[in-house]
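Everything below concerns the one structure shown next.
Please read all numbers here as calculations on a predicted model, not as lab measurements. We count ligands from 1, going down the list as the structure has it; atoms in each ligand are counted the same way. Note that these values count all heavy atoms, side chains included, but never hydrogens, waters or copies made by symmetry.
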Amino acid sequence: MTLTIDEMATFCKKKGFVYPSSELYGGIAGFFDYGPLGADLKENLKRSWWQFHVHEREDIVGIDGSIIAHPKIWQASGHAECFGDVMVECKKCHERLRADVLIEDTLKIQADGLSAEDLQKLIIENKVGCPKCKANDFTDAKAFNLMFTTNVGPIENEESKAYLRAETAQIIFSAFKNVFETSRMKLPFGIAQMGKAFRNEIAPRNFLFRCREFEQMEIEYFIHPDDTNNCPFIEEVMDYSMLVYSSDMQLNKKEPKEMKIKELLENGVIKTQWHGYWLAKEHQWFVSLGANGSKFRIRQHLPDEKSHYALDTWDLEYEFPFGWKELQGMANRTDFDLQQHMKHSKKDLSIFDEGTQKKIVPHVVAEPSQGVDRAFLVFMYDAYEEDKERGNIVLKLSNKLAPIKAIVCPLIKKDLSELSREVYDVLKTEMHVQYDQAGSIGKRYARADEIGIPYGITIDHDSLEKKDVTIRDRDSTEQKRVKISELKDVMKKLISYEIKFEDL
Ligand code: ATP
């Protein structure tokens, strides 16, 4: 059974993963608090992303930029002028809606990127109704800027006006020269960043999917402008296949099709090796952390849908209960951003190319850019299972993501607490473990299953004499005995998948 997004929100709240922010005061739409389990799960997710994209690679370095930056950054990028969505308001119930989302949900066609005029025409021609009260009488469609503003310093005026960053990407572009000059990187190379972004979304909805405060994990990958196609790593992914929904397939009403990167490049469906490489890598990242690869597809933006700066854009999408939705956008931004920042700052952001002995402005042909909160939802959905035999939910999170790696349980309190505490103390220095002696052992295991704890370590009377414990595997419920002296090492290997439970 798949949970609706509201049921998922309820589950997340009940178990302490995510709560609506400021509930005490009636809540505030589009903002969330990650609870004790959610905070750890999110942290593990972000650490895994950083490990995969930064630490395990020689060609990517990371930064942690400021949330408030010089307002000219947002003028140069175009955000201050035109980063917005088109809004309509229902004249009857006053529900405010994003016009493109209203059309996409009602008419099941892509509407992202259409002008206010075109969206309004579609609403009128198709007699699109309000999803809340069903009336079909809307105000004129008008553009709405999503940037949150604030003031820097004690005086509030136009000069002190600043923005909360709407994406992490622009901070990467504006720091490009500093990173290049101090990191000893050579083209091609990437700069990664994770952190908060803020968008004053017209209609935040679908729980964590569309928030007003969220986190992004982004990479801007810089390449030589005369060599925008050759990716030295392409062989790694040539045989990797994914469900593909190209712009042609969408326009010709064809079904998405499973295709290898090799085929996509040979047939010119994907124009550059870099795009193919990063789409495959991002899919691999999700699968490596336990996501169900068959619920993903890559979809090319339609010609009308692309951002003003993009030559070609592909999204990595996931099939949520509320439809196929974007997890990651990957645009070929060319040298648009660096050129814009050169123009507005009047500083030279070109770099010296030793090969051609010329100054060049690097291009970005693929920029894996994704939301942490949307990824969080994916992992929750793919982990959630209702186990009829056990009579409880089992959250089959990857060991790497699970917020708590094991519970340590004395079978009964009497006589066994002391040794159990010793076991807990040994393990807690290595991983996040929980000591649990409340309730029957069955109840404790069920509680652990529901919050995704992969292993249950039980100390029984035999443990006192034999100096061993049982390890219970969440997914199979099987149990194996392990010497206490070896436990820390075994657990470390299990959590990192260096060994499998079956092989113990
Ligand atoms: P959408 O079309 O869904 O509004 P977008 O194309 O504007 O998204 P990008 O600007 O490409 O999004 O941002 C990169 C990523 O940041 C998205 O793929 C998504 O995962 C995440 N993201 C963007 N907006 C939000 C939001 N309001 N809440 C949560 N995550 C978001």
| Under 3.5 Å, is there a donor-acceptor pair linking the side chains of Y318 and D382? | yes
N/O of G371 under 3.5 Å from N/O of ligand 1, yes or no?
yes
Logged contact type for R98 with ligand 1, heavy-atom cut-off 4.0 Å, is side chain
Near Q328 (heavy-atom distance under 4.0 Å), the atoms of ligand 1 are 18 (O)
The atoms of ligand 1 lying under 4.0 Å from a heavy atom of G329, numbered in the order shown, are 18 (O)
Does a side-chain N-to-carboxylate-O contact under 4.0 Å join E201 and R212?
no
Among R199, E104, Q370, E167, the residue with a heavy atom nearest to atom 9 (P) of ligand 1 is R199
**OP:** Show your working on ring-ring contact (aromatic ring centres under 6.0 Å, His included) between F17 and Y34 and close with a plain yes or no.
**Re:** CA-CA 6 Å; F17 283 95; Y34 282 80; 9.5 Å; no
Could you tell me whether E326 and R210 make a salt bridge, using a distance below 4.0 angstrom between a side-chain N and a carboxylate O? no
The protein heavy atom nearest to atom 19 (C) of ligand 1 is R374 NH1, 3.4 Å
Atom 22 (N) of ligand 1: closest protein heavy atom, distance to 0.1 Å, is F214 CE1, 3.5 Å
Honestly, for R210 the part within reach of ligand 1 (heavy atoms, under 4.0 Å) is both
min-distance protein heavy atom vs atom 14 (C) of ligand 1 -> S369 OG, 3.2 Å
Between E215 and the options K196, Q370, R374, K46, the side-chain hydrogen bond (donor to acceptor under 3.5 Å, both in side chains) test singles out K46
Atom 2 (O) of ligand 1 sits nearest the protein heavy atom E326 OE1, 3.7 Å
The closest protein heavy-atom partner of atom 16 (O) of ligand 1 is Q216 NE2, 3.2 Å
- Message: Between the side chains of E213 and R165, is the shortest nitrogen-to-carboxylate-oxygen separation below 4.0 Å, so that they form an ion pair?
- Response: no
Tell me, please: is L327 in heavy-atom contact with ligand 1, that is, under 4.0 Å? yes
Atom 29 (C) of ligand 1 has as its nearest protein heavy atom F209 O, 3.2 Å
for atom 28 (N) of ligand 1, nearest protein heavy atom and its distance come out as C211 N, 3.0 Å
*On the 0 to 90° scale, with breaks at 30° and 60°, tag the F322-F320 ring pair as parallel, tilted or perpendicular.*
parallel
- Between R474 and D449, is there a salt bridge with N-O shorter than 4.0 Å? no
- Task: Classify the ring geometry between H53 and W278 as parallel (under 30°), tilted (30 to 60°) or perpendicular (over 60°).
- Result: parallel
